[in-house]
Protein chains: 2
Amino acid sequence: MELQEAKDKFIHTWGTLATQWGINRTMSQIHALLLLSPQALNADQIMAELQISRGNVNMNLRDLMSWGLIFKQLLPGERKEYFVAEKDIWKVARQIAKERKRREIEPILGTMDDIKKELKGDTEEKKEVLRIIDEISHVTEFADSTMDSILKAEENWLLTNFLKLFKN
Amino acid sequence: MELQEAKDKFIHTWGTLATQWGINRTMSQIHALLLLSPQALNADQIMAELQISRGNVNMNLRDLMSWGLIFKQLLPGERKEYFVAEKDIWKVARQIAKERKRREIEPILGTMDDIKKELKGDTEEKKEVLRIIDEISHVTEFADSTMDSILKAEENWLLTNFLKLFKN
DNA sequence: TTGAATTTTCAAAATTTTCTGAAAATATTT
DNA sequence: AAATATTTTCAGAAAATTTTGAAAATTCAA
């Protein structure tokens, strides 16, 4: 397999997988393209490479920046804006986790709390609904904070080795 | 807030959040409805409650069963099929993690391996692409197996307390 | 069997999401 | 300040996904 072929396969796969996670296909493909590109790319290059419109490229580049996954790079003597991706995959994972937390975990916990606060009562059924809502908050918080500490401690051999005790 | 109001709010929120995760809104709402329902429900009841068509209910009930989140329940003397949700939220989380692993993690690792195997070479750029692909596999495997061990060991105070050391 | 109740299927319709491309806005150079 | 290059916006088009509902298949009882 030649380099270009491998890149294309990666970009294509990454786009397909993204849709399963509720992420826009084109956004993922642009991200993948930049991840694999040794140089920064401008909008025209991305348009040509992925065969998509200028508007589409522009919109998704800005989305990727808001996720903190790519950065603008101004090249000396160049009028156009260039973009580079964060290449450290651990940083990428940490950044995605952080954003998903802000955009998704917080709203879940917020709504559960709202309902919990407003739904007072001690009939059997109310208690049961409250129990489920409590458990969901609990599991969500656990998953969230655990992901935090793991991403934060990723290079920490103590945690890493300790976790191994619980594998399989 | 009354019981019905709280339930509706929960069901609605759950459906909205689901779409952000790439999960069908109706599927989530049916799941939420069954989670909160003390009795098993049949297709007609779900249709009435959520105001959706029979075909839609049927399709999503079968999806939820394939995820292992709900079960058929045959009531004595009843011709219709009834459905109940698994109510233990930890089991639900474990089941979702397990299914996502099978459906999403494995394909990622598979494709990365394919590319890795086929893309031999030692130009600088090939090496860089291989490095990125390796790192992605690495991070994915780490996240995957860590999630496994945590869900498996969820009630283990030792792990839980150890993890606390790494919070914040 | 036959017939009624129930579930499943799936083509077409509705809805939602994504994408395009040209016009408007902004930035830079002469 | 005018001309040129570049980026951004956004209404309408296209594509993808979800939903409907009626027909077909299945199940069960008489």
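A, B, ... follow the sequence lines: proteins, then strands. Residue 1 opens every chain.
Of the N and O atoms on the side chains of B:Asn58 and B:Arg62, at least one donor lies less than 3.5 Å from an acceptor on the other residue.
To the nearest angstrom, P of D:dT18 lies 11 Å from CE of B:Met27. To the nearest angstrom, P of D:dT7 lies 7 Å from CZ of A:Phe83. Taking atom CG of residue B:Asp63 and atom P of nucleotide C:dT8, one finds them 12 Å apart after rounding to whole Å. When the P atom of D:dT7 is taken as reference, atom CG of A:Asn60 falls 16 Å away, rounded to whole Å. One interatomic measurement links the two molecules: NZ of B:Lys72 to C1' of D:dT26, which rounds to 11 Å at whole-angstrom precision. Following rounding to the nearest Å, A:Tyr82 (OH) and D:dT7 (C1') show an atom-to-atom distance of 14 Å. Note: CG (A:Asn42) to C1' (D:dA5) measures 13 Å, nearest angstrom. Per the geometry, CG belonging to B:Leu41 stands 13 Å off P belonging to C:dT7, to the nearest Å.
Put simply, A:Asn56 has no side-chain N or O that comes within less than 4.0 Å of OP1 or OP2 on C:dG21. In terms of phosphate contacts, B:Arg62 brings a side-chain nitrogen or oxygen within less than 4.0 Å of OP1 or OP2 of C:dT9. The phosphate of D:dT8 has OP1 or OP2 within less than 4.0 Å of a side-chain N or O from A:Asn58. Between A:Thr26 and C:dC19 there is a side-chain N or O to OP1 or OP2 distance below 4.0 Å.
Remark: B:Arg100 is positioned above the aromatic ring of A:Trp21, its terminal NZ or CZ atom under 6.0 angstrom from the ring centre and at most 45 degrees off the axis.
Shown here for B:Ser37 and B:Lys87, the closest heavy-atom pair between the two residues is O-NZ, 2.8 Å. The minimum heavy-atom distance between A:Tyr82 and A:Glu78, with the atom names listed, is OH-OE2, 3.1 Å.
Note: A:Phe142 and B:Trp90 have perpendicular aromatic rings, judged against thresholds of 30 and 60 degrees for the angle between ring planes.
Nearest-nucleotide positions on DNA chain D place A:Glu81 closer to the 5' end than the other of A:Thr19 and A:Glu81. DNA chain C is contacted by both A:Arg54 and A:Gly22; A:Gly22 maps to the nucleotide lying nearer its 5′ end (nearest heavy atom per residue).
A donor and an acceptor atom sit less than 3.5 Å apart, one in the side chain of B:Arg79 and one in the base of D:dT27.
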